[in-house]
Amino acid sequence: MTSNFHPEGVFGENKVASKMKPGSSRNVTQMWHLNGRCPEGTIPIRRTRKDDLLRASSIKAFGKKRHKTIPQPKSADPDLITQSGHQHAIAYVDGDKYYGAKATINVWEPKIQQPNEFSLSQIWILGGSFGEDLNSIEAGWQVSPDLYGDNHTRLFTYWTSDAYQATGCYNLLCSGFIQINNEIAMGASIYPVSSYHDSQYDISLLVWKDPKEGNWWLQFGNSYVLGYWPAFLFSYLSDSASMIEWGGEVVNSESDGQHTSTQMGSGHFPKEGFGKSSYFKNIQIVDGSNNLRVPKDIATFTEQSNCYDVQTGKGGNWGSYFYYGGPGRNANCP
């Protein structure tokens, strides 16, 4: 099925998926396109090999995030850092009802210290409390050697309806997200990626709730509606989201007793600016009237700003934006 509703303001007058221009916004592509395309009526699915399963800690854990990986801006409890081993540098909004989010995300290939660590940059659509019943829809790019067997930057999605306990997974590794697009593959590598003080590349992602059917849709760039998360997967998100987060996340396993040197974003701090630090720009939310708009009262959160930081800004054709990330271990982040 396809969605008959888009948020107002995505295409000007063209609000229906069928009216999109198929060839626009192709600066960033996927490596598998070099080897061909999928026939009509099929979708691309990344093959799961035996080696993929052997890298996982267990068959049950394959393709899943660990419990308590979500950034909790309201409780900056130092114990959370050591408890979950996950660190974040995010911008967020809460206190309203949200029906989607959009952003243009700068794409890099951060260095990962340990195979069991990852680095990602994504949008979180959150509903419910941060207890055992959290609903989350996530989309962005990641480098995850454990999951993919290499250090390439890959497009990904995730979902959970019980705070990462039993439900949900990455990409198409379990039932849940329903893909309808035959040109973009979940979990496939993104090409090209940005270079320090050189060419910059980014991807645009939009997640929105169909006001009629209640499903949550994902769009990549201006051209590709990728698929949807059915409304029945969720409890809180069957109505609306209560918080939206944008930003980066890494795993800090502290394997040698020191902070990981796994990079977030470009591996450089926000103060370095364009071409050096990674960014999110044109941050928007979808409101109750199905309109895309700039969010009010954007706040930021990071557990350890000496390791990974975030700085917001506003203006020009970047709209609301922020730079984020960092190198992890350094003189001020031992």
Side-chain angles (χ1 to χ4, degrees), residues 43 45-46 48 52 55-57 60-72 84-88 90 92 98 100-103 105 107 112 116-128 130 132-148 152-179 181 184-190 203 205-209 215-220 226-238 241 243-251 264 280:
I43 62 165
I45 298 179
R46 186 177 182 272
T48 299
D52 295 328
R55 280 193 308 274
S57 56
K60 192 177 175 185
F62 177 65
K64 292 184 177 291
K65 278 191 178 185
R66 292 183 201 151
H67 192 29
K68 292 186 173 155
T69 65
I70 208 87
Q72 299 185 48
S84 72
H86 288 242
Q87 289 186 248
H88 309 84
I90 63 165
Y92 71 95
Y98 307 100
K102 188 174 189 285
I105 310 173
V107 180
I112 313 297
N116 65 337
E117 297 178 335
F118 65 62
S119 181
L120 59 76
S121 299
Q122 69 172 50
I123 302 171
W124 288 262
I125 312 280
L126 301 170
F130 284 88
E132 307 298 296
D133 59 355
L134 183 75
N135 289 192
S136 182
I137 286 172
E138 306 169 27
W141 59 259
Q142 68 181 161
V143 177
S144 178
D146 249 9
L147 186 59
Y148 302 108
H152 295 318
T153 302
R154 296 172 178 275
L155 177 71
F156 81 95
T157 60
Y158 201 92
W159 72 274
T160 180
S161 61
D162 62 356
Y164 308 102
Q165 294 178 97
T167 62
C169 61
Y170 283 109
N171 306 323
L172 305 177
L173 294 173
C174 66
S175 59
F177 182 78
I178 297 173
Q179 183 159 341
N181 185 283
I184 302 296
M186 297 301 168
S189 53
I190 298 170
I203 59 173
L205 294 174
L206 165 65
V207 178
W208 82 97
K209 189 168 190 279
N215 302 319
W216 290 86
W217 286 84
L218 173 65
Q219 180 173 312
F220 178 87
L226 301 188
Y228 63 97
W229 293 268
F232 67 75
L233 294 175
F234 306 105
S235 50
Y236 294 101
L237 286 177
S238 62
M243 180 182 278
I244 307 290
E245 298 175 347
W246 301 262
E249 176 184 351
V250 300
V251 176
M264 181 190 293
F280 278 59

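Remember, it's a predicted structure, so these values are computed and weren't measured experimentally. All values below come from the heavy atoms of this structure, side chains included, with hydrogens, waters and symmetry mates left out.
The two residues Met243 and Phe130 come nearest to each other via the heavy atoms SD-CZ, 3.9 Å. Counting all heavy atoms, side chain and backbone alike, Trp216 lies closest to Val207 at CE3-CG1, 4.0 Å. In plain terms, the two heavy atoms of Ser136 and Tyr164 that are nearest each other are OG-OH, 3.9 Å. Contact detail for Pro230 and Gly176: the closest heavy-atom pair is CD-O, 3.1 Å. Shortest non-hydrogen contact noted between Ser238 and Ala231 is CB-O, 4.1 Å. The shortest heavy-atom contact between Ile123 and Ala101 is CG2-CB, 3.9 Å.
Looking only at side-chain heavy atoms (C-beta outward), Trp124 and Ile137 stay at 4.5 Å or farther from each other. Two residues are said to be in side-chain contact when any heavy atoms from C-beta on lie closer than 4.5 Å; Phe220 and Asn181 fail this criterion. When side chains are defined from C-beta on, Tyr92 does not count as touching Leu126, because their heavy atoms never get closer than 4.5 Å. Within the 4.5 Å cutoff, side-chain heavy atoms of Leu155 are placed close to those of Leu226. Annotation: side chain of His88 is not in contact with side chain of Glu245 (no heavy-atom distance under 4.5 Å). In this structure, the side chains of Tyr98 and Ile125 stay at 4.5 Å or more apart for every pair of heavy atoms. Residues Ile45 and Ile43 meet the side-chain proximity criterion, which asks for heavy atoms closer than 4.5 Å.
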### Task
Go through the steps for Asn215 and Ile178 under the test side-chain contact (heavy atoms from CB on, under 4.5 Å), then give the verdict.
CA-CA 10 Å; Asn215 302 319; Ile178 297 173; over 6 Å; no
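By the ring-ring contact (aromatic ring centres under 6.0 Å, His included) test, Phe177 is found to be paired with Trp229, residues two or more places apart in sequence or in another chain being considered. Under the rule for a ring-ring contact (aromatic ring centres under 6.0 Å, His included), the partners of Phe156 that lie at least two apart in sequence or sit in another chain are Tyr170. Not counting sequence neighbours, Asp146 has no partner by the side-chain hydrogen bond (donor to acceptor under 3.5 Å, both in side chains) test. In this view, Ser189 and Met31, His152, Arg154 satisfy the side chain to side chain contact (heavy atoms under 4.5 Å, CB included) rule, not counting sequence neighbours. In this structure, the side-chain hydrogen bond (donor to acceptor under 3.5 Å, both in side chains) partners of Thr167, at least two apart in sequence or on a different chain, are Thr160, Ser161, Asp162. When the side chain to side chain contact (heavy atoms under 4.5 Å, CB included) test is applied to Lys64, the partners found at least two apart in sequence or on another chain are Tyr158. Shown here are the side-chain hydrogen bond (donor to acceptor under 3.5 Å, both in side chains) partners of Asn116, two or more places apart in sequence or in another chain: there are none. The side chain to side chain contact (heavy atoms under 4.5 Å, CB included) search around Ala139 returns Thr157, Leu205, Leu218, not counting sequence neighbours. By the side chain to side chain contact (heavy atoms under 4.5 Å, CB included) test, Ile112 pairs with Glu117, Ser119, Val143, Pro145, Asn151, Thr262, sequence neighbours left out. Not counting sequence neighbours, Ser144 has no partner by the side-chain hydrogen bond (donor to acceptor under 3.5 Å, both in side chains) test.
Within the 3.5 Å criterion, the main-chain N or O of Asn171 finds no donor-acceptor partner in the side chain of Arg46. In this structure, Trp159 contributes its side chain and Leu233 its backbone to no donor-acceptor pair below 3.5 Å. Gln142 places no side-chain N or O within donor-acceptor distance of the main-chain N or O of Phe118, the cut-off being under 3.5 Å. Checked by atom type and distance alone, the side chain of Lys65 never pairs as donor or acceptor with a backbone atom of Ala163 at under 3.5 Å. Checked by atom type and distance alone, the side chain of Asn135 never pairs as donor or acceptor with a backbone atom of Gly127 at under 3.5 Å.
Rounded to the nearest 0.5 angstrom, His86 NE2 and Glu249 CD are separated by 6.0 Å. With values rounded to the nearest 0.5 angstrom, Lys102 atom NZ is found 13.0 Å from Phe280 atom CZ.
Ring planes of Tyr228 and Trp217: tilted class, angle from 30 to 60°.
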